[in-house]
Asker: 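I have a structure I would like to understand better, so I am pasting it below and will then ask my questions one at a time.
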There are 2 protein chains.
Amino acid sequence: MPSIFTRIINREIPAYILYEDEVIISFLDISQATPGHTLIATKVPYENIYDLPHDVASHVFKHAVQISNAIKKAFNPAGMNVLSNAGEKAGQSVFHFHLHLIPRYETDEVSFHFPNHFGNIETETYQSRLEMIKAALS
Amino acid sequence: MPSIFTRIINREIPAYILYEDEVIISFLDISQATPGHTLIATKVPYENIYDLPHDVASHVFKHAVQISNAIKKAFNPAGMNVLSNAGEKAGQSVFHFHLHLIPRYETDEVSFHFPNHFGNIETETYQSRLEMIKAALS
């Protein structure tokens with residue numbers, strides 16, 4: 001089954017499209033968590049950030065800068081959250097890569113809660129995992 | 001005053017550094033909202049996403065793909081949130097561009113709340129703002 005975003009790309013369902021090129025499409029999120037809430041989705045239905053080819057990732061974020069600035073100019077928000085969720089547990093509901101641009105206002109209803117677990121890294125398991133990351137990136 | 005991230009880059013304060021090149025540095029967020037919570041910061045202290053040059057934005061997100069995959073391999077999380085906050089109202093506390101990579105687990109304490117305001121776009125003010133965005137991007 002094509003994702004809801006593929007159906008938007010194919011003009012099978014309507015959306016308010018703000019920008020489109022060969023690699024990405026950008027349109028209003030139908031939920032409008034705040035005024036101007038926008039998505040940038042890839043044309044190819046990569047599942048999430050883990051699967052993005054490097055050139056596609058580069059293209060997405062370069063345009064995220066441009067589109068964020070255009071939203072800022074038009075909606076004059078107090079701030080902006082740029083968010084991509086990978087996996088259901090992380091809040092992903094459409095399994096086709098997309099980046100949220102969520103303008104923030106003085107009186108909006110968006111909230112994030114992040115606990116503080118400073119000090120957890122001093123275990124052997126943790127250290128060996130961090131070494132794995134460094135090895136994968138070197 | 002140099003930001004806390006510039007001081008990490010300059011090795012004036014300690015951090016667990018996972019990756020570094022000429023453009024970015026990636027290290028554990030001291031708060032460890034969840035195990036493996038990592039930041040990617042630019043070497044140049046751009047304030048936030050609005051100010052990123054295109055080549056820097058491309059570099060950041062290409063590496064976000066690689067670093068996300070390395071964290072996934074090492075920590076085996078259920079999901080991942082990729083987040084950048086612009087402005088205090090959006091939750092930004094260090095005004096030096098950074099992207100959060102937040103691994104998510106079945107039992108973590110991270111939560112996001114996004115209201116649904118579907119239907120708001122049918123006003124004239126909204127429409128004129130959307131036209132501004134399209135004009136800025138065309």
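We name chains A, B, ... by the order of the sequence lines, and we start the count at 1 in each one.
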Asker: Heavy-atom count around I4(A) CD1 within 6.0 Å, excluding the residue itself: above 12?
Answerer: no
Asker: Nearest 0.5 Å, what's the CG-CG distance between L99(A) and L83(B)?
Answerer: 10.0 Å
Asker: Please output the residues of residues 8-16 of chain A in contact with chain B, using a heavy-atom cutoff of under 4.5 Å, in numerical order.
Answerer: Y16(A)
Asker: Can you tell me which of T125(A), T38(A), V56(A), N69(A) forms the most heavy-atom pairs within a distance under 4.5 Å of chain B?
Answerer: N69(A)
Asker: Please lay out, stage by stage, how D108(B) and K89(A) fare under the test side chain to side chain contact (heavy atoms under 4.5 Å, CB included).
Answerer: CA-CA 10 Å; D108(B) 69 36; K89(A) 174 62 204 178; 3.9 Å; yes
Asker: Same cluster for I25(B) and L39(B) if Ile/Leu/Val/Met/Phe/Trp/Tyr side chains link at under 4.5 Å?
Answerer: yes
Asker: With a 4.5 Å cut-off on heavy-atom pairs, point out which of D29(B), I102(B), L18(B), N76(B) contacts chain A the most.
Answerer: L18(B)
Asker: Heavy-atom cut-off 4.5 Å, strictly under: side chain, backbone, both or neither for S26(B) against chain A?
Answerer: neither
Asker: Chain B: which of A70(A), P115(A), A78(A), S128(A) shares the most heavy-atom pairs with it under 4.5 Å?
Answerer: P115(A)
Asker: Kindly compute the distance separating NE2 (H37(A)) from CG (N116(B)), expressed to the nearest 0.5 Å.
Answerer: 10.0 Å
Asker: Check whether V82(A) and F75(A) end up in the same hydrophobic cluster, where Ile, Leu, Val, Met, Phe, Trp and Tyr are linked by side-chain heavy atoms less than 4.5 Å apart.
Answerer: yes
Asker: Is chain A contacted by the side chain of A135(B), its backbone, both, or neither, given a heavy-atom distance below 4.5 Å?
Answerer: neither
Asker: Just distance, no hydrogens or angles: give the donor-acceptor pairs under 3.5 Å from side chains in residues 42-54 of chain A, sequence neighbours left out.
Answerer:
residue: T42(A); atom: OG1; partner: V44(A); partner atom: O; Å: 2.7
residue: K43(A); atom: NZ; partner: E20(A); partner atom: OE2; Å: 3.1
residue: K43(A); atom: NZ; partner: D21(A); partner atom: O; Å: 2.7
residue: N48(A); atom: OD1; partner: Y50(A); partner atom: N; Å: 3.2

Asker: If Ile, Leu, Val, Met, Phe, Trp and Tyr residues are connected whenever their side-chain heavy atoms lie under 4.5 Å apart, and connections chain through other members, are Y126(A) and F27(B) in the same group?
Answerer: no
Asker: So which atom in H113(A) and which in E109(B) form the shortest heavy-atom distance, rounded to 0.1 Å?
Answerer: CD2-O, 2.9 Å
Asker: Against chain B, label V60(A) side chain, backbone, both or neither, depending on which of its atoms sit under 4.5 Å from a heavy atom there.
Answerer: side chain
Asker: Given that the side chain runs from C-beta out, which part of T34(A) has a heavy atom under 4.5 Å from chain B: side chain, backbone, both or neither?
Answerer: backbone
Asker: Quick one: which of E106(A), H100(A), M80(A), R104(A) has the most heavy-atom pairs under 4.5 Å with chain B, could you say?
Answerer: M80(A)
Asker: Under 4.5 Å from any heavy atom of chain A, what part of Q92(B) do you find: side chain, backbone, both or neither?
Answerer: neither
Asker: Of all of S31(A), A57(A), S138(A), A64(A), which one pairs up most often with chain B through heavy atoms under 4.5 Å apart?
Answerer: S31(A)
Asker: Please flag which part of A33(B) lies under 4.5 Å from any non-hydrogen atom of chain A: side chain, backbone, both or neither.
Answerer: both
Asker: Nearest 0.5 angstrom please: I133(A) CD1 to L101(B) CG, how far?
Answerer: 9.5 Å
Asker: Determine the option with the most heavy-atom pairs under 4.5 angstrom with chain B, choosing from A136(A), S84(A), G79(A), G87(A).
Answerer: S84(A)
Asker: I67(A) versus chain B, heavy atoms under 4.5 Å apart: side chain, backbone, both or neither?
Answerer: both
Asker: Determine the option with the most heavy-atom pairs under 4.5 angstrom with chain B, choosing from R129(A), E131(A), M132(A).
Answerer: R129(A)
Asker: In this structure, would V94(A) and I30(A) fall into the same cluster of hydrophobic residues linked by side-chain contacts under 4.5 Å?
Answerer: no
Asker: If the plane angle is over 60° it's perpendicular, under 30° parallel, otherwise tilted; pick one for F114(A) and F112(B).
Answerer: perpendicular
Asker: Tell me whether V65(A) shares a hydrophobic cluster with L137(B), the cluster being built from Ile, Leu, Val, Met, Phe, Trp, Tyr side chains joined at under 4.5 Å.
Answerer: yes
